[in-house]
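Written out below as C-alpha cells is the structure these notes cover.
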Amino acid sequence: MPTENTKAAATAPRPAPATAGPVRFAGDPNASYERRLVLDHVVAPGAATLHQRFAAVARAVRDLLTERWLETREAYNRANPKRIYYLSMEFLIGRSLTNNITNLMAEPVVREAMEREKLDLMELAAEEPDAGLGNGGLGRLAACFLDSMATLQLPAMGYGLRYEYGIFRQEIENGTQVERPDNWLRRPDPWEVVRPLRTVEARINCSVHIRNGAPQLEPNQPRVLVGVPFDRPVVGYGGRTVNTLRLWGAAAPDFFDLGEFNHGDFFGAVLDRVTAENLTRVLYPDDSTDAGRRLRFVQEFFLVACSLADILRRFREGNNDWHTLPDKVAIQLNDTHPALAVSELMRVLVDDVKLGWDESWDLTVRTLAYTNHTLLPEALERWPVGLFELVLPRHLEIVFEINRRFLDTVRAKYPGDEGKVARASIIEEGATRAVRMAHLAIVGTHSTNGVAAIHSELLRTRTVKDLADVFPERFGNKTNGVTPRRWLNLCNPALANLITDAIGDEWVTDLAKLRALVPLADDPSFRAAFRRAKEAAKTRFTDWLQGATGLVVNPVSIFDCQIKRIHEYKRQLLNVLQIIVLYNRFRADPNAPIPPRTFFFAGKAAPAYTLAKLIIKLINSVAGVVATDPAVRGRLQVVFLAEYNVSLAERLIPAADVSEQISTAGYEASGTSNMKFMMNGALTVGTRDGATIEMAQEAGEENFFLFGLTAEQVATSRGWYDPHWHYNHDPETRAALDMIGSGHFSGGDPNVFRPIWDVLLTKGDNYMHLADLGPYVRTQERVAELRADPDGWARKAILNVAHSGRFSSDRSITEYATQIWNAKPCPVG
Ligand SMILES: *Cc1c(COP(=O)(O)O)cnc(C)c1O
C-alpha cells in the first residue's frame, strides 16, 4: 500500500506515536478546578458563573500541561538543537480548551472530574472566545503549522502580535454586514502567561500620535517601543511536546521621555504611553485602501524587531560564534508582512555585532526563508520610500545597499538589459517610489515557496519571473495542509470514531494511513455506517443552528457549502447565479426530479470592500425571496451564517455534503477549507485552481466535480472575452442577470444591485463568472444525479477521505523541516 507521497517523507521526522498512551500528569484536575475557582475568582464553587467555571477548567488544564511545557523548554536548552521560528502577523487560533484536552489525551481524566462536578464540557467550551488574530487562510495556516510542529516534536516557536481586538465580529442587519469590535481579551485569557522579564525594546525614528483615529508620524523624534511577551502553550498530539506561541504586546518604556520631561510636559509624556500601547490594539483587516495603514508598517517592524531580539538573545545563550547562526536558527516569514527581518537582521549584524557586510549578508540569507501567499497585484506589499525614511531611516540605507549590490549581480548576468534591472529592482520607481517587499524577501532569503503546485509555478514563471531568472535554485513549492487533530478528530467525532474502529487510530498522526479506507469504499456495511456518521454530523449541526439562530433546514437536503472570505476572485457571485438558475428551474417545473438542496454561505467582507459587502446583501436577498416562495419550500433554501470563524467552520464542515471551491483559475493560491471538507467526506465542486488540483489528482478526477476554464485559458482568453456573448446566447444566464438587474431581489428597486450588474457585464467581468456559469450549472446537475444513488455517493465520499492524507499539515511541515529548515525533531524525554 503506498503511503509515501514524496521523497522527503522517507527522511521525515517521525510523528509522535499515538499508541504510546497518554503521558502522566502531576496533580488532580478536580482539585485544581476547585482551587482555581476559589483562588482566581474568589467565588464559592456553587456560586460560580458559567464563564468562571470555563476559566477555572481551562486553568486546571493549563496546570496539567505546565510541567510538560517547562520540560520542553529545558529539553531544548539541554540539546541546543537548530530552532525553528515562524513569524506571522496572524494566528487564527480559534478556541483552545477542547483542543488542548484531546491533544493532551487528558479526556478521560477531565471527563471524570467534570462528571463529579456535574459540569457539561461542551457547554463550558462554548464560553471560550474565538482567538481571531487573523483574517482567513493565512492566519489559520499559521495555527495549523504550530500544531504540526509540536506534534512532530520540532523545536519550534511562533511569534506574532497580541492584538486586543482581533478580526471584527460580523453581524447582519437587514441583509447587510455590520462590523462590531471583537474585544476578546475583555476577560483575562486563561492560556496566556505574561513574561515581564523577557521584555525587549525596538527603536523607531519618529513619534506616533493618533488623532481622530489616524496615526500621525513626526520625523526625527527617536522613540523606544517596548515589547512585552505573552506566551501561549502549543500542545503537540500525545502531550509530549508543549511548544510556545509568543505574542508581543506593546507598552511604553518605564522611563519618561527625558526631553519632554525637562520641558515640564509630564502630562504629554504620560499620554505618549497611551499612544505606545495603541500599537498592538487592533488587527488590520485585509484591505489595502485603509488610510490608517501607516500604523500597520510600524506594527510589522515591531513584530520583527521584538522577535529577532528575542531569537538572537536565545541564540547567544547557547552559542558564542555568530557564524553558526544559520546552523542553529531557521526563521520562516509568513508572507512579506515580516520581511523587514531582512534589513533588521542586517542592521543588528553590521551595526551592533560589527560583522562585515558580506559576512552579515551570508548569515542573513542562510537564516531566513519566505513563503508567498498571493499573486494578486493589489495584495503584494509595497511601502513608500518616504515612510521607510520617516520610521526606519537606517533600514532604508540598508535596503538601498542591498539593492545596489543585487542590481550589480543582475547587470552582470544580463548586461545591457536595463528593463530587466528595473523589473527586478527592490525599489519601484514612479510617482511615489516604493519598496517592493516581495523582492526584498526573495533577495534576502535562501528559499521562496508558494503554497500549491500551480501557485508556485505561476509565481516563478509570471509574478516574479525576473527574480526567479536570477535565483532559480531558491524557488520551490510547499503545498499547504491542515491539522487533522482539529479538522477531523476534534470537530467530527462520528466520522473519527468510525475511521478508528475500521483502521485503528494511527491516522491521527499519520494521515496517509487513511488509504486503508480505500477497499472499504466497496463494502456495503461500511458505506452504510459512513452515511450514518454524516447524518449524525448533520443532526449535530442542525441542532446547533436551530438553538443559536432559530433557523430550521431540511435535514435530508444536500448541504452545499461555500464558506470563506468574501472576494470577487472566490466567486460567491458565481454560486449565487447558479442558485438563481436552479430556482428558476424549480419554478418552471414544480415537479422536476431535482433533489432538495440547502446552500450555506459564510464569510466576512473587508470593511472597505464595498462590492464584497453588496455580494453579502445579494446572498441574503436571494435567501429571503427563496424562503417566501411556496413553490420551492423544502426543496431549495439559502442560508447566510453570520460571523464566520474557526468555531463555525468546525461546526459546519463535518455536516457538509458538497464543498464549493470555485475561484477563477489562477487566483486562489492554495485554499485550505477545500482540504478540511475533503477530510470530512464532502464532495468538491471546483475549478482547477490552488490545491484543489492536487486534491483531485490524489482522489482521482472521477471522484471530483471539476469544471471551468483553466488558469492558462483564463490568461489567454482575457483579451477577447466578452460577457455579453453569454448574456445574449444563454437564456438561463440572461434570466438570472435580468432578475438581479430588474430589482427582483430588491423589492423592485433596480438600483440596489446595479453595481453587480455592472461588474458582470458593463465592466467586462474580470473574474469571468459568465464564462464558467454554463459548465458550473451542468456540473451541479451531475451532483444532483449522483444524489439519486446513495451508495455511489458514499463510495466517492469515502474515496475522498481515503485520499486526503497528503493534505495534513504534518506533511507540509515535514517538507519545510527537511527541505528548507534542515531541522530535526528534539523529543522531550
Ligand atoms: C480554513 C479557514 C479559512 C480558509 O478558507 P479558504 O476557503 O481556504 O479561503 C478561512 N477562515 C477560517 C475561519 C478557516 O477555518
Side-chain angles (χ1 to χ4, degrees), residues 88 90-96 99 129-148 166-170 182 184 283 285-286 334-335 373-376 379 450-452 454-455 479-488 490-492 560-572 574-575 600-606 612 641-654 656 658-664 667-680 682 684-687 689-695 804 807-809 812:
S88 179
E90 303 191 9
F91 287 91
L92 194 50
I93 299 167
R95 292 181 175 140
S96 294
N99 186 70
D130 258 55
L133 310 183
N135 278 289
L138 173 145
R140 185 52 233 174
L141 183 79
C144 283
F145 278 8
L146 292 182
D147 179 277
S148 283
I167 178 76
F168 63 85
R169 212 158 38 74
Q170 179 193 56
D182 157 51
W184 75 292
L283 165 76
D286 65 349
N334 196 24
D335 213 315
H373 284 273
T374 179
L375 306 177
L376 291 179
V451 289
I454 183 179
H455 165 71
T479 299
N480 281 167
V482 300
T483 170
R485 270 72 66 187
R486 184 178 291 264
W487 296 111
L488 180 50
L490 191 59
C491 74
N492 196 344
D560 185 313
C561 308
Q562 188 175 20
I563 55 173
K564 49 186 75 245
R565 289 297 293 242
I566 311 292
H567 204 292
E568 286 164 88
Y569 86 78
K570 290 180 182 275
R571 293 204 297 195
Q572 280 90 359
L574 179 60
N575 196 350
F600 292 96
F601 289 86
K604 294 173 185 178
L641 300 162
E643 179 54 10
Y644 178 46
N645 59 17
V646 171
S647 293
L648 181 59
E650 288 173 38
R651 289 183 205 284
L652 180 57
I653 289 171
V658 171
S659 158
E660 299 281 350
Q661 307 297 337
I662 57 175
S663 53
T664 314
Y667 283 85
E668 186 72 89
S670 162
T672 47
S673 78
N674 46 0
M675 303 167 182
K676 302 167 193 164
F677 280 109
M678 185 188 193
M679 272 173 209
N680 283 277
T684 304
V685 174
T687 46
D689 202 14
T692 302
I693 297 175
E694 292 159 68
M695 287 162 41
S804 67
F807 305 102
S808 164
S809 45
S812 311

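Counting starts at 1 for both ligands and their atoms, following the listed order. What you see below is based on every heavy atom in this structure, not just the backbone, and it leaves out hydrogens, waters and symmetry mates.
The protein atom (non-hydrogen) at minimum distance from atom 11 (N) of ligand 1 is Y644 CE2, 3.5 Å. In terms of protein heavy-atom proximity, atom 9 (O) of ligand 1 is closest to K570 NZ, 2.8 Å.
One finds no salt bridge joining D147 and R486 here, because no Lys/Arg side-chain nitrogen approaches an Asp/Glu carboxylate oxygen to under 4.0 Å.
For the ligand labelled ligand 1, residue E650 lies outside the 4.0 Å heavy-atom shell.
Under the side-chain contact (heavy atoms from CB on, under 4.5 Å) test applied with C491, the options I653, N99, V646, N680 reduce to a single match, N680. If you run salt bridge (Lys or Arg N to Asp or Glu O under 4.0 Å) between E643 and each of R169, R651, K604, only K604 comes through. For the side chain to side chain donor-acceptor pair (under 3.5 Å) criterion with N674, the lone passing option out of D689, T692, T684 is T692. Partner of Q661 under the side chain to side chain donor-acceptor pair (under 3.5 Å) criterion, chosen from K564, R571, Q562: K564.
Those atoms of ligand 1 with a heavy atom of G136 less than 4.0 angstrom away are 10 (C), 11 (N). For ligand 1 and G671, the ligand atoms under 4.0 Å from any heavy atom of the residue are 8 (O). Close contacts between ligand 1 and W487 involve ligand atoms 15 (O) [criterion: under 4.0 Å to a heavy atom]. For ligand 1, the atoms closer than 4.0 angstrom to any heavy atom of K676 are 1 (C), 2 (C), 3 (C), 14 (C), 15 (O).
Heavy atoms of R565 found under 4.0 angstrom from ligand 1: none, in either backbone or side chain. Counting heavy atoms under 4.0 Å from ligand 1, residue F677 does not touch it at all.
The N/O atoms of T672, backbone and side chain alike, include one that comes under 3.5 Å of an N/O atom in ligand 1. Between K564 and ligand 1, a contact under 3.5 Å exists for at least one N or O pair. Looking at R140 next to ligand 1, no N or O pair under 3.5 Å apart turns up. Remark: ligand 1 and N674 share no N or O pair separated by less than 3.5 Å (distance only, no angle test). An N or O contact shorter than 3.5 Å is missing between N645 and ligand 1 by distance.
Between A691 and G671, the closest heavy-atom pair is CB-O, 4.4 Å.
For atom 6 (P) of ligand 1, the choice among S673, A691, G137, S670 with the nearest heavy atom turns out to be S673.
Taking CD1 of I454 as the start and CD1 of I693 as the end, the distance is 4.0 Å to the nearest 0.5 Å.
The side-chain heavy atoms of L283 and L133, taken from C-beta on, include no pair separated by under 4.5 Å.
Formation of a donor-acceptor pair under 3.5 Å by the R140 side chain with backbone atoms of L92 is found in this model. Not a single donor-acceptor pair under 3.5 Å links the side chain of S88 to the backbone N or O of N334.
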